[in-house]
Novice: 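Pasting a structure here, questions to come.
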Amino acid sequence: MSDIEVILPDGSRKTVPEGATARDVAAAIGARLAKDALAARVNDVVVDLSFVVPAGAQVSLITPASADGREILRHSSAHVMAQAVLRLWPGAKYAIGPAIENGFYYDFELPGDARFTDDDLARIEEVMREIVAEDQPFTRRELSLDDGLALFADQPFKVEIISKVREGASDDEDLGEVATGPVVSVYANAGDFVDLCRGPHVPSTKRLGVFKLMRVAGAYWRGDEKRPQLQRVYGTAWESADALAAHLHQLEEAERRDHRRLATEMDLISFPSELGGGLAVWHPRGGIVRKEMEDFSRARHLEGGYEFVVTPHVTNGRLYETSGHLDFYKDGMYPPMEMDNGTYYLKPMNCPMHCLIFNSRARSYRELPLRLFELGTVYRYERAGTLHGLMRIRGFTQDDAHIYCTEDQLQDEIASLLSFVMDVLRAFGFSDFTANLSTKDPEKYVGSDEIWDAATDALRSALERFGLEYQIKKGDAAFYGPKIDIDVRDAIGRTWQLSTIQCDFNHPERFDLHYVGADNQRHRPIMLHRALFGSIERFFGVLLEHYAGNLPTWLAPEQVRVLGVRNDHDAYAASVARTLRAEGVRVSLEEASEPLGSRIRRAKLDKVPYVLVVGDDDVANATVGVNARGSNDPSRGVSVSDFATALAAEILAHGRPDAD
RNA sequence: GCCUGGGUAGCUCAGUCGGUAGAGCAGCGCAUUCGUAAUGCGCAGGUCAAGGGUUCGAAUCCCUUCCCAGGCUCCA
């Protein structure tokens with residue numbers, strides 16, 4: 001038998017006997033790698049270790065602590081979970097079970113009317129551990145479609161998947177379930193479980209084990225509301241106990257930062273059930289933060305050449321017939337109110353009203369770009385199951401603007417908008433941005449191809465001008481024009497979609513908007529929708545999570561708390577508070593009726609940026625002791641005026657005293 | 001809207017087999033006067049989400065509705 005050469009990732013060549021498997025290549029490289037390898041990537045296709053490598057192939061081995069490796073661990077864990085479920089519920093139907101970010105899931109339909117409950121997770125996990133201990137090999141086989149159908153005759157979901165392959169269904173629809181082409185592949189481990197799967201898998205179940213089942217949830221078969229609802233079991237799986245622990249810790253951290261929890265603890269916002277779902281009230285401490293956000297937003301928009309408008313919350317439905325919203329989004333609107341002269345709706349968006357303002361008189365090209373800005377409160381009838389704290393809510397306020405401009409102005413306008421958006425987001429402490437550029441859906445759009453191309457180019461070149469990393473989402477645009485969405489990364493690495501810049505060729509048509517150009521002819525303006533925060537409520541929620549409630553000083557509801565050491569220092573404490581308050585600082589005073597340590601502790605728990613402690617020395621010297629949030633090392637003897645100066649500078653700079 | 005799990009004091013939670021409600025923190029009062037993360041004692045606080053049913057008796061069992069969580073679907 002002759003030898004062949006394969007090419008390793010570093011470009012070096014390795015000689016192996018003809019017929020060698022990926023496992024043999026690993027062994028030829030080193031014993032350690034042979035022991036670690038889970039699978040291989042051969043000519044950029046992931047394969048099992050048992051795969052026979054062709055001569056001249058590019059071969060890299062996949063080890064657990066890599067993106068490929070974790071995906072394989074997770075996918076194989078999903079198989080083991082299905083096997084465990086079938087042991088516990090013989091006759092269960094299993095649908096699909098892919099690896100996902102941080103874990104895996106599998107969808108099932110249990111026999112009879114059986115349903116998983118949370119308590120079942122522990123039972124399933126126990127059987128999974130037995131299967132792991134049994135050290136079952138994963139064995140791949142390829143079958144003809146007919147043999148596949150026969151093998152899974154009592155598994156209707158598998159039959160449907162195979163039938164789809166026969167019909168030539170698109171590859172991206174099957175979530176890694178099956179090979180494409182004339183054959184399907186199946187993986188069996190031990191005798192009692194076989195699953196349709198493209199693979200690859202770990203060589204044996206003993207390579208698994210660092211997993212944890214997380215929760216059970218409902219999921220529609222094929223993601224289609226009209227099809228049966230299955231039960232989905234979610235798990236997480238990792239290459240090591242440390243990695244699993246780190247992931248669980250990250251989840252705890254996210255929970256610690258949960259804006260709903262913080263909003264309650266910090267007395268910022270509540271969702272009284274008397275109001276109904278998805279409707280929030282802002283308490284005084286939340287209200288002052290919102291006021292700061294709004295004031296800042298208004299100031300920046302004023303500088304940015306925006307004009308301020310105000311529109312009502314309720315309108316005659318004719319407006320939304322004109323705009324087309326009643327046709328497209330009626331389900332998302334609050335139900336109509338019948339009144340004497342027509343049908344009225346709560347406002348789900350501001351744009352149609354801004355178009356009316358544009359159209360209230362003849363417009364000259366000299367007025368363009370016309371930038372209309374409104375903190376506009378809108379109401380959307382979100383389905384009950386979709387509500388989520390402040391992130392998904394039924395009544396919210398958009399920092400909404402519509403810009404009317406000429407085609408020639410579009411490019412510059414978008415570029416300056418992008419700069420404006422990122423500038424404002426930076427002022428709130430975000431610095432890591434990425435973008436999505438959504439392009440035309442060829443099935444569903446209005447406007448000419450030329451204008452779409454021009455607008456898409458304008459968006460793209462603006463992104464490139466700012467060096468903003470972006471992905472193109474083909475066909476993801478709304479029917480009325482292309483758009484840029486901006487994501488920010490928060491302090492623990494999660495991304496949030498916040499801002500949006502959308503071109504609109506539809507509203508100007510529907511509202512028959514026009515301006516008179518230098519040529520004395522009527523022209524159609526282009527309209528841009530844009531929001532920076534998106535919704536103030538949601539942005540506030542994101543800020544809370546980003547800062548874990550430790551808002552920067554300019555936003556903190558209470559910026560300074562002054563504590564006298566004894567109550568004979570209270571008068572001096574009050575004078576310090578007065579001095580700061582006169583400079584616009586939000587300062588409170590707590591009298592010395594409890595031990596100092598107790599009051600300090602409470603102030604820290606309240607996340608107050610600065611606690612000032614004043615005692616005998618301070619009264620004598622016009623000083624304060626400064627205890628900053630995030631520090632356990634207070635500074636004694638700071639002069640009141642020095643503190644005030646530094647605080648003013650910090651507020652102006654949107655800084656904060658800690659780095660949490 | 002759908003699936004699973006929930007809703008007990010302002011917050012976090014306990015409450016056994018159906019026998020009539022409990023803790024810690026927060027609040028209030030009194031005492032304490034203290035130099036950087038918990039002073040002591042006392043008091044008050046509840047339509048057990050709401051409504052209906054079963055029962056001698058319901059926080060507990062059943063039904064309906066509302067609200068919440070995690071998903072699915074949806075998101076102009």
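Lettering of chains follows the sequences in order, A, B, ..., and the numbering in each one begins at 1.
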Novice: I'd like the C1' distance from U4(B) over to C48(B), given in whole Å.
Specialist: 23 Å
Novice: Any sub-3.5 Å donor-acceptor pair from Thr439(A)'s side-chain atoms to Gly475(A)'s backbone N or O?
Specialist: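 Present.
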Novice: Using a 4.5 Å cut-off on heavy atoms from C-beta on, say whether the side chain of Arg530(A) contacts that of Val421(A).
Specialist: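 Side chain of Val421(A) against side chain of Arg530(A), heavy atoms only: no contact under 4.5 Å found.
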Novice: For Ala95(A), is there any backbone N or O sitting under 3.5 Å from a side-chain donor or acceptor partner on Lys158(A)?
Specialist: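 Judged by distance alone, yes, a pair lies under 3.5 Å.
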Novice: Under 4.0 angstrom, heavy atoms only, what part of the nucleic acid is Asn632(A) near: base, sugar-phosphate, or nothing?
Specialist: base
Novice: Taking side chain to side chain contact (heavy atoms under 4.5 Å, CB included) as the definition, give me every residue that meets it alongside Val565(A), ordered by chain and number, with sequence neighbours left out.
Specialist: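 His569(A), Leu596(A), Val613(A).
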Novice: Look through every strand shown and name the nucleotide pairing with G57(B) as Watson-Crick or G-U wobble, where both distances are under 3.5 Å.
Specialist: none
Novice: Would you mind checking if Arg629(A) and Glu650(A) are paired as a salt bridge, meaning a charged N to carboxylate O distance below 4.0 Å?
Specialist: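 Salt bridge absent between Glu650(A) and Arg629(A).
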Novice: In chain order, what residues pass the side-chain hydrogen bond (donor to acceptor under 3.5 Å, both in side chains) check against Tyr234(A), with sequence neighbours excluded?
Specialist: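 Listed in chain order: Arg232(A).
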Novice: Using a 4.0 Å heavy-atom cut-off, does Asp267(A) contact any base of the nucleic acid, only the sugar-phosphate backbone, or nothing at all?
Specialist: nothing
Novice: What are the atom names and distances for every N/O pair under 3.5 Å that joins the protein to nucleotides 74-76 of chain B?
Specialist:
from: C74(B); atom 1: O2; to: Arg392(A); atom 2: NH2; distance (Å): 2.7
from: C74(B); atom 1: N3; to: Arg392(A); atom 2: NH1; distance (Å): 3.1
from: C74(B); atom 1: N3; to: Arg392(A); atom 2: NH2; distance (Å): 3.4
from: C75(B); atom 1: O2; to: Arg392(A); atom 2: NE; distance (Å): 3.3
from: C75(B); atom 1: O2; to: Arg392(A); atom 2: NH1; distance (Å): 3.3
from: C75(B); atom 1: O2; to: Arg392(A); atom 2: NH2; distance (Å): 3.3
from: A76(B); atom 1: O4'; to: Tyr329(A); atom 2: OH; distance (Å): 3.1
from: A76(B); atom 1: O3'; to: Tyr480(A); atom 2: OH; distance (Å): 3.2
from: A76(B); atom 1: N6; to: Gly332(A); atom 2: O; distance (Å): 3.1

Novice: For Ala217(A), which contact category applies under a 4.0 Å heavy-atom criterion: base, sugar-phosphate, or nothing?
Specialist: base
Novice: Categorize Ser323(A) for me: base, sugar-phosphate, or nothing, with a 4.0 angstrom heavy-atom threshold over every strand shown.
Specialist: nothing
Novice: Taking only side-chain nitrogens and oxygens of His388(A), does any of them come within less than 4.0 Å of OP1 or OP2 of G71(B)?
Specialist: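 No, outside the criterion.
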Novice: Pick out the pairs of N or O atoms, protein on one side and nucleotides 24-27 of chain B on the other, that lie under 3.5 Å.
Specialist:
none

Novice: Could you check how far CG of Leu251(A) sits from C1' of G71(B), rounded to whole Å?
Specialist: 15 Å
Novice: What's the closest nucleotide to the Gln231(A) side chain, out of U36(B), U39(B), U4(B)?
Specialist: U4(B)
Novice: Partners of Asp512(A) by salt bridge (Lys or Arg N to Asp or Glu O under 4.0 Å), sequence neighbours excluded?
Specialist: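 Partners of Asp512(A) under the salt bridge (Lys or Arg N to Asp or Glu O under 4.0 Å) test: Arg524(A).
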Novice: Using the C1' atom on both, measure U60(B) against U16(B) and round to a whole Å.
Specialist: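 After rounding to an integer number of Å, I get 11 Å for this pair.
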Novice: Check the distance between A38(B)'s P and Ile600(A)'s CD1 and give it to me in whole angstrom.
Specialist: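 About 10 Å, once rounded to whole Å.
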Novice: Do Arg394(A)'s NZ or CZ and the ring of Tyr379(A) fall within the cation-pi criteria of under 6.0 Å and 45°?
Specialist: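 Here Arg394(A) fails the 6.0 Å and 45° test against Tyr379(A).
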Novice: Taking only side-chain nitrogens and oxygens of Arg115(A), does any of them come within less than 4.0 Å of OP1 or OP2 of U4(B)?
Specialist: yes
Novice: What's the CZ-C1' distance between Arg599(A) and A37(B), to the nearest Å?
Specialist: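 Those two atoms, CZ and C1', are 13 Å apart.
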Novice: Taking C-beta and beyond as the side chain, do Val233(A) and Val85(A) meet within less than 4.5 Å on heavy atoms?
Specialist: no
Novice: Determine the interatomic distance between P on G22(B) and the same-named atom on G5(B); round to the nearest Å.
Specialist: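 Rounded to whole Å, the distance is 30 Å.
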Novice: Has the side chain of Asp616(A) got a donor or acceptor that lies under 3.5 Å from a partner of the other kind on the base of G35(B)?
Specialist: no
Novice: Going by heavy atoms in the side chains, are Lys212(A) and Trp238(A) under 4.5 Å from each other?
Specialist: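 SC-SC contact between Lys212(A) and Trp238(A) ruled out.
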Novice: For Gly385(A), answer base if it contacts any base atom (sugar-phosphate contacts may also be present), sugar-phosphate if it contacts only those atoms, and nothing otherwise; contact means non-hydrogen atoms under 4.0 Å.
Specialist: base
Novice: Could you check how far CZ of Arg232(A) sits from C1' of U4(B), rounded to whole Å?
Specialist: 13 Å
Novice: Under 4.0 Å between a side-chain nitrogen and a carboxylate oxygen: does that hold for Arg566(A) and Asp616(A)?
Specialist: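 Between Asp616(A) and Arg566(A) there is a salt bridge, with a charged N closer than 4.0 Å to a carboxylate O.
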Novice: For residues Val614(A) and Ala573(A), report the shortest heavy-atom separation together with the two atoms involved.
Specialist: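 Smallest heavy-atom distance, with atoms named: CG2-CB, 3.8 Å.
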Novice: Round to the nearest Å and state the distance from Tyr105(A) atom OH to G70(B) atom P.
Specialist: 19 Å
Novice: Rounded to whole Å, how long is the line connecting atom CG of Asp617(A) with atom P of U36(B)?
Specialist: 12 Å
Novice: Specify the separation, in whole Å, of atom CG of Leu596(A) and atom C1' of U32(B).
Specialist: 14 Å
Novice: Within the 4.0 Å heavy-atom criterion, would you say Phe479(A) contacts the bases, only the backbone, or no part of the nucleic acid?
Specialist: nothing
Novice: Lys226(A) NZ to G1(B) C1': how many Å, rounded?
Specialist: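 It works out to 12 Å between those atoms.
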Novice: Find every protein N or O atom lying less than 3.5 Å from an N or O atom of nucleotides 63-68 of chain B, and list the pairs.
Specialist:
from: C67(B); atom 1: OP1; to: Gly277(A); atom 2: N; distance (Å): 3.4

Novice: Is Glu252(A) paired with Arg256(A) through a side-chain N to carboxylate O contact shorter than 4.0 Å?
Specialist: no
